[in-house]
Amino acid sequence: MADIESLKQALAVSPNNTPLILMLAGAYLDQFSLDEARGAFEQALSIEPNNPDAKVGIARILELNGKSSEAIIRLEQLCEEVPEHAPAWFLRSKLALTEDNGPDARKYYEQAISIDVALVDEDLLLRIKQAGGEALVETDRGKPTAQTAEGWQAEFESSEEDLNDADGIFDDLEIDFVEKADVNFSKVGGMETVKEDIRMKILYPLQNKELFEAYGKKAGGGVLLYGPPGCGKTLISRATAGEINAKFISVGLHQILDMWMGKSEEKLHELFELARRHAPSVLFFDEIDALAADRKDLRASAGRTLINQFLAELDGSMEENDGVLVLGATNVPWHLDSAFLRPGRFDRLIFVPPPDAPARVDIVNIIAEGKPVAGLDAKALAKRTKDFSGADIKAVFDQATELALTEAMKSGKIVPITSKQLAKTAKLVKPSTRKWFESAKNYALYANQSGFYDEVLDYLGIKK
Ligand code: ATP
C-alpha cells in the first residue's frame, strides 16, 4: 500500500499531477477512507474531466456506499465513452453480479479481459458461472463477436443515437440510416487504386475547393463498386466516410424496397435529402442492382419510375449534390441498367477484386489487431489464402477464435489464437470468390460492351 503521507508530500510539490492524485485516492480506498478517496478522485477530475480511472474510482465509492444503481449508470456511460477502458468493464461486471445478472456479468468480464488479460480473476469467474453467466459463443459470422473490443465498439456505434430521429422524417422506418463512420482507409487492406479514385473524387475536391471549382469540378458524384462478394465494397465505402469525417448513410436496397412499397420514390428522395443536409456525406447503396434487376421484386409499374427517380437524384438535376458522394455496390453488375453508367451518374466504375498477396497480408494484420494471437505470421497466412475474400479471411479468424475460446473456457484462462489454428481453419474455409469469376468471365468475354469488364479480363489474365 502506498504511504499516504509520502504521497501527500509529493503532491505538495506537484499539486496537479493526476497519476499521483489517483495513487493517493487508491491508498485512501485501500484503507476505506471513502470520503477522502472520493475527494481525491474528484480533484483528479477537476484537472482531467474525462479521466476514466477517476471515474471508475467514483463508481467504486458509490458502490461501497450502497449506491449501486448510480454506479451502474455512470459505468454504462463510461463504457460507452471509453470502450477500451478495461477497469470500467471489470467493475461493471462485478456490479452486474451484485444484481444477480450472470449473463451480463459474463459479457462485461470477458470484455474486460479481452482488453487487459491481467484482470483475469478466477474467483469472479466462478461466481459469474454460479449466477448463470455462460460463455458467449459467436454464432453469426457476419456479426462482430461479443467477446472482442471490436465487437463491443461496433455495437456501441450502431446503437449510437440515430440522427434520423433528429430529422424526424424516417420515424416510420425501423432502419438506422445515418451512422458515424467508425473506420478509415487504414482499416482497409490493399485497394490502393480504389482509395486513390475515391480521394480524387471527394477528398481532394473538399480539401481544395477553390482549385477544383476553377476547373468547374465539385466534390461528390457517383462511384459504382462491383466485384465478388466479401471483398470490401461496404468496408471501403464506410471508410471513405471515416476518412473525410463525413456521415455514412447506408441503404441495403433489397432489404428496404419491399418496405417502401407504394412510396419508394418519395422515400428515395428523402434519403437523398438527408444526405444533402448532412453533406459532406457518403450515401451508400448496397445491392444497387435491386433497382434495376430482379424486376419481379418491384411492382412492375414502379420499376421504371423508381430508376428514373434515382437517376434524377443522382444527376443532381433536381437538387444540389455538392459534397454528397453516392457509392453503389453490386455483385451482379451485369444486371444493371445501362442508364446508370452515363456521365454525371455513376461515372466511375471501380472493380473491387479479391485481395492480392500483399493486400491479404494487410487484411490479416488488420483483422488480428487487438486479438490475442500468438506469433502471427501474416505472410504465411496470406500465402495459404489465395483467392480468399477479406470476408473469407475474417471467417478464418472467427473459426480459429472459436477454437481458442473453447480451450479458454475449459481452462478458465485466456488462450491465444495460434498460427497453427489459423492454418488449420484456412484449410476449412473455401475461397468464395472463384464462383463469382465463373459468371463474370462469361459476361466479360461475351457482353463486354464499352470495355465495361476489361478489368475483370485483366484480373483473369485473358487478352482482350
Ligand atoms: P458483399 O458484396 O457481400 O456485400 P462486400 O464486398 O461489401 O461484400 P464487405 O462487407 O465490405 O464486403 O466485407 C466483409 C468483411 O470482410 C468486412 O467487414 C471486413 O471484416 C472484411 N474485409 C473485406 N475486405 C477487407 C479489406 N480490404 N480490408 C480489411 N477487411 C476486409
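Whatever order the structure lists them in is the order used to number ligands and atoms, beginning at 1.
Remark: E407 pairs with V415, Q421 by the side-chain contact (heavy atoms from CB on, under 4.5 Å) rule, at least two apart or across chains. Under the side-chain contact (heavy atoms from CB on, under 4.5 Å) criterion, P358 pairs with D356, sequence neighbours left out.
Sorted by first and then second residue, the pairs that involve residues 422-435 and meet salt bridge (Lys or Arg N to Asp or Glu O under 4.0 Å), not counting sequence neighbours, are D387-R434.
We find the CZ-CZ distance between F272 and F310 to be 4.5 Å, quoted to the nearest 0.5 Å.
For the pair L78 and W89, the minimum side-chain heavy-atom distance is 4.5 Å or more.
When heavy-atom distances to ligand 1 are checked against 4.0 Å, the residues falling inside are K187, V188, G189, M191, P229, G230, C231, G232, K233, T234, L235, D286, N331, I363, G390, A391, K394, ordered by chain and number.
Residue D286 forms a side-chain contact (heavy atoms from CB on, under 4.5 Å) with just one option from T234, V251, T330, and that option is T234.
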